[in-house]
Amino acid sequence: MTKVKFLSGESIPLEMHKVRMVQKVNLHPIEDRLDAMQGAGFNTFLLKNRDVYLDMLTDSGVNAMSDNQYAAMFQADDSYAGSETFYRLEATLQDMFDVTHFLPAHQGRACESIISEILVQPDSTVLMNYHFTTSKAHITLRGGKVEEIIIDEGLSITSDHPFKGNMDIDKLNEAINRLGADNIAFVRLEAGTNLIGGQPISLQNMREVAKICRDANITTVFDASLLADNLYFNKVREAEFADADLRDVTREMGRLMDITYFSGRKLGFARGGGILTSDDTLFTKMRSLIPLYEGFLTYGGMSVREMEAMSVGLEETLDFDVISQTPIFVEAFTEELTARGVPVVTPPGGLGCHVDATAFCDHLAQPEYPAGALAAALFICSGVRAMERGTMSEERRSDGTEPMAEMELVRLALPRRVFTLSQVKYAADRLAWLHQNRELIGGLEFCEEPEVLRFFFGRLKATSDWPEKLVTAFRADFGDSL
Ligand code: F0G
């Protein structure tokens, strides 16, 4: 993606690819969308794709693949052990991150399970810039604790800090002194910090964290799942790297961290994952778990076709035109919403646009799930499927009380190379309409609440007839338009 000046003087994002394969999508009338939302228990995870117009639930496993990726799939060498496909992927990753070892795994959370199993002891602590749901779950499952030491700006919705995903260096030193290095299982840095709005981490911050940890003999772990977006920001927001080759930036990151892992559903435009290290001892420990949980060492639960696609996709990640598409669209989306008074996380990050449901639905209390209600209302008035990232996504405590989330966000993910600018504008326009009519959005309550991962499977209902009133207001303003 690049930006070009139009005659009007406006800078317009321009796709640096053309679309050669398409999938038909449906935009049903609003009454049918209301039925679909009710059928899904007001939980966007439970919607059927056939009822969705724009699927902005996630960027995981739904990024568009290139012609070269599809072509590479044909040369997949299918064998249980020793396939050429594995050696091609291994060589790509070794070169990209400047590491000696690669262990394949079926997706990102499988890597997290293996890393936690070898490093987390009961009552040990993992320090991190911010958690991701699965990364935290694997640590706590093994009796470990998580402490987040992100810079203060990371948790404020609006900011102009260019790297809101940075770790606070003073807090890191303080935590090491307080806990003692021996009680710290590892320090985890997440690229493109997902849950705070896809916010990047600077390479300078990674250098500082790595030095402190190396001096204190603490293992560092880098979650590179959202590295593509992060690399874009290293280049455009970190002066030192303005002219840098993305390959050099990535290789430095790989050298700084003891372990790097990634979800190949995000990084590499395919599906799978893997762990990288140059540390022989860590490698040997982790290696023994791969055949146990994932599959033999030369496929780790992945299909060889996906591995071929990933090798090519990883190379494409080092092309600035390719990786800039999502961040530039997120910026356009965020700017459009800000101009129209819709509260969003700023500065724009990667992954998607994040709407601040606390401000959007300031008439709703947190136990009424403002982010869940906003995601449901958005689907009803647009057919756009977003993801709740607020209190609904928290787990109830063992005493039955409900922790309130630090932020109530609705995430509109922009899978890479999938949507067009007019589709993004449509989503922004319907959100702007919803914002003008926000008083109509009411609360939700659980009618079926699973004990674990309730946000995936739980079913809710509206606390009044607000969804029907929303439909009436939509019809009054848009007539018989979809
Ligand atoms: N780390 C980060 C930063 C992620 O965003 C994800 C997944 C994972 C690890 C786990 O990887 O799904 O391959 O097992 N994020 C998805 C999302 C689920 O929708 O944001 P996985």
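Counting starts at 1 for both ligands and their atoms, following the listed order. One is the number of the first residue; the rest follow in order along the sequence.
- Taking every non-hydrogen atom of G108 and a distance limit under 4.0 Å, the qualifying atoms of ligand 1 come out as 11 (O), 13 (O), 14 (O), 21 (P).
- With respect to E153 and K164, no salt bridge is recorded, no charged nitrogen being found less than 4.0 Å from a carboxylate O.
- The shortest side-chain heavy-atom distance between I259 and M286 falls under the 4.5 Å cut-off.
- Side-chain atoms of S225 and D223 form a donor-acceptor pair, as typed in the model, at a separation below 3.5 Å.
- Looking only at protein heavy atoms, the nearest one to atom 13 (O) of ligand 1 is S263 OG, 2.6 Å.
- Scanning all protein heavy atoms for the shortest distance to atom 5 (O) of ligand 1 gives N194 ND2, 2.8 Å.
- Looking only at heavy atoms of the protein, atom 1 (N) of ligand 1 is closest to D223 OD2, 2.6 Å.
- Between E148 and N129, the closest side-chain pair of non-hydrogen atoms is not below 4.5 Å.
- Near T58, meaning under 4.0 Å from one of its heavy atoms, ligand 1 places the atoms 17 (C), 19 (O).
- Listed by number with element, the atoms of ligand 1 under 4.0 Å from a non-hydrogen atom of R265 are 13 (O).
- Heavy-atom proximity to E190, at under 4.0 Å, picks out these atoms of ligand 1: 3 (C).
- F163 has its side chain within reach of N234: a pair of non-hydrogen atoms, C-beta onward, lies under 4.5 Å apart.
- Between D95 and R247, at least one side-chain nitrogen of the basic residue sits less than 4.0 Å from a carboxylate oxygen of the acidic one, meeting the salt-bridge criterion.
- T391 places a side-chain heavy atom less than 4.5 Å from the side chain of E402.
- Among all non-hydrogen protein atoms, the one lying nearest atom 21 (P) of ligand 1 is Q107 NE2, 3.3 Å.
- Remark: minimum distance from atom 12 (O) of ligand 1 to any protein heavy atom is reached at R109 NH2, 2.8 Å.
- The protein heavy atom nearest to atom 6 (C) of ligand 1 is F132 CE2, 3.3 Å.
- Residue-to-ligand polar distances keep T134 apart from ligand 1: every N/O pair is separated by 3.5 Å or more.
- Shortest contact from atom 9 (C) of ligand 1 to any protein heavy atom: E112 OE2, 3.3 Å.
- Listed by number with element, the atoms of ligand 1 under 4.0 angstrom from any heavy atom of R411 are 17 (C), 19 (O), 20 (O).
- Atom 17 (C) of ligand 1 has its closest protein heavy atom at K266 NZ, 3.2 Å.
- For the side chain to side chain donor-acceptor pair (under 3.5 Å) test, no residue two or more places apart in sequence or in another chain qualifies with S311.
- For the ring pair (Phe, Tyr, Trp, His ring centres under 6.0 Å) criterion with F86, the lone passing option out of Y80, Y299, F102 is F102.
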